[in-house]
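Reading through the structure tokens given below for one structure.
Numbering starts at 1 and runs along the sequence shown. Indexing begins at 1, ligand by ligand and atom by atom, following the structure's order.
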Amino acid sequence: MPRSVDVRDLVSRAREGQARAVARLISLVEDDSPHLREVAAALTPHTGRARVVGLTGSPGVGKSTTTSALIGELRKRGQRVGVLAIDPSSPFSGGALLGDRVRMQDHALDPDVFIRSMATRGHLGGLSWATPQALRVLDAAGCDVVLIETVGVGQSEIDVVALADTTIVLLAPGMGDGIQAAKAGILEIGDVFVVNKADRDGADRTVRELKHMISLGRREIQGAMWRQPILKTVAARAEGIGAVVAAIDSHHEWMTAHGELEQRRRKRAESEIEAIAVAALRSRFGDVRGGTALAQLAKRVVAAELDPFAAAEELLASL
Ligand SMILES: Nc1nc2c(ncn2[C@@H]2O[C@H](COP(=O)(O)OP(=O)(O)OP(=O)(O)O)[C@@H](O)[C@H]2O)c(=O)[nH]1
Ligand SMILES: [Mg+2]
């Protein structure tokens with residue numbers, strides 16, 4: 001028996017910024033609770049305000065350190081900040097990952113900072129399903145900015161980028177990142193590039209390489225174009241972080257002026273709806289597998305009474 005939940009009360013307490021209510025709501029959406037529908041309906045009228053900023057880059061490049069420094073900068077401006085640390089390889093959810101907890105501990109006691117890590121391995125529909133719902137919780141809880149950090153590389157990273165208004169791609173000198181970035185198609189997804197660990201040798205070279213590659217890509221694009229800035233930071237000392245926040249602001253203004261923000265958010269809603277619909281279909285399909293309909297159809301296909309396409313059509317119709 002699931003614990004009884006007063007969704008309206010939870011949502012109103014989350015809107016007041018009560019951390020426990022925020023955490024509880026995220027757990028509800030993440031665990032695919034029976035209250036999920038009610039939660040989503042109660043949250044939606046209070047969403048649409050938060051700016052969503054994605055941070056991505058190779059392992060160890062400094063994403064968590066940069067996130068922590070960004071929190072500090074945004075807090076100076078009096079903004080409320082949410083953080084989602086996504087780990088596609090981990091089955092553990094809940095608090096923050098150990099490393100993140102260490103790096104973000106300066107903010108752990110701040111009532112206007114919500115930090116949450118999410119595991120996506122084994123989730124039905126993976127990242128694309130649970131993360132937007134957690135985002136809605138933080139948005140409704142009055143976060144001015146939600147920072148999404150991905151751990152690792154691959155498709156999940158691209159999925160996260162699809163959620164963000166602004167995507168920051170981090171690189172570091174001497175990691176062979178420049179070339180790697182081009183290969184991974186990361187040049188196209190970055191709205192702002194940050195060369196972190198600028199206290200190390202080779203930062204200027206990484207900047208130059210990046211500039212060169214971006215300029216090559218640009219020649220093929222027509223029409224209004226956002227010029228992706230390349231910034232240098234030493235996140236460990238919070239150096240250059242003000243410029244990163246300023247770049248996020250400029251990008252936001254540019255997108256608003258060019259209708260790009262609306263377009264990105266519409267695309268985001270499209271994938272969200274699609275993910276929910278596909279999950280629902282899968283679950284109904286699961287029911288079919290458990291039932292006798294599929295077995296009956298298979299029997300007829302084996303008996304050469306029915307071709308498999310017609311059988312699949314019949315199955316789909318029964319969903
Ligand atoms: N020298 C130097 N080290 C840094 C800087 N920023 C972060 N680091 C260090 O780099 C290491 C990795 O930093 P994280 O912030 O955990 O990197 P990450 O990208 O979040 O790593 P994953 O989440 O494991 O992919 C830590 O030891 C940091 O202290 C920097 O500007 N300069
Ligand atoms: Mg990290």
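- The nearest N, O or S atom of S64 is closer to the Mg ion (ligand 2) than 2.8 Å.
- For the pair T131 and L135, the minimum side-chain heavy-atom distance is 4.5 Å or more.
- Atoms of ligand 1 found under 4.0 Å from any heavy atom of S64 (numbered from 1 in listed order, with element): 15 (O), 18 (P), 20 (O).
- For ligand 1, the polar-atom distance check against G62 finds a nitrogen or oxygen pair separated by under 3.5 Å.
- Below 3.5 Å of separation, one finds no N or O of A198 facing any N or O of ligand 1.
- The distance from ligand 1 to the heavy atoms of V234 drops below 4.0 Å at these ligand atoms: 31 (O).
- In N196, the part holding a heavy atom less than 4.0 Å from any atom of ligand 1 is the side chain.
- At a heavy-atom distance under 4.0 Å, only side-chain atoms of R200, from C-beta outward, approach ligand 1.
- Atom OE2 is the N/O/S atom of E149 found closest to the Mg ion (ligand 2).
- Side chain to side chain, S27 and R116 meet the donor-acceptor criterion of an N or O pair below 3.5 Å.
- Here atom 12 (C) of ligand 1 lies nearest to G60 when heavy atoms of G60, S58, A85 are compared.
- Looking at D199 against ligand 1, only its side chain comes within 4.0 Å, counting heavy atoms.
- Inclusion of E149 in the set of residues having an N or O under 3.5 Å from an N or O of ligand 1 is warranted.
- Those atoms of ligand 1 with a heavy atom of A236 less than 4.0 angstrom away are 5 (C), 6 (N), 30 (C), 31 (O).
- Of the N or O atoms in K63, one or more lie within a sub-3.5 Å distance of an N or O in ligand 1.
- Between V83 and E149 there is no side-chain heavy-atom pair separated by less than 4.5 Å.
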- prompt: Checking side chain to side chain contact (heavy atoms under 4.5 Å, CB included) for the pair D199/R237: CA distance, chi angles, key distance, verdict?
  reply: CA-CA 10 Å; D199 53 329; R237 298 199 296 255; 4.0 Å; yes

task: Go through D165 and H251 one step at a time and tell me if the side chain to side chain contact (heavy atoms under 4.5 Å, CB included) criterion holds.
output: CA-CA 9 Å; D165 297 328; H251 184 237; over 6 Å; no

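- The pair E209-R205 meets the salt-bridge criterion, since a charged nitrogen lies less than 4.0 angstrom from a carboxylate oxygen.
- Using a 4.0 Å cut-off between charged nitrogen and carboxylate oxygen, R266 and E262 count as a salt-bridge pair.
- One finds no salt bridge joining D204 and R208 here, because no Lys/Arg side-chain nitrogen approaches an Asp/Glu carboxylate oxygen to under 4.0 Å.
- With ligand atoms numbered from 1 in the order given, ligand 1 contributes 25 (O) to contacts under 4.0 Å with heavy atoms of P59.
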- request: Go through L28 and L36 one step at a time and tell me if the side chain to side chain contact (heavy atoms under 4.5 Å, CB included) criterion holds.
  value: CA-CA 7 Å; L28 287 177; L36 181 60; over 6 Å; no

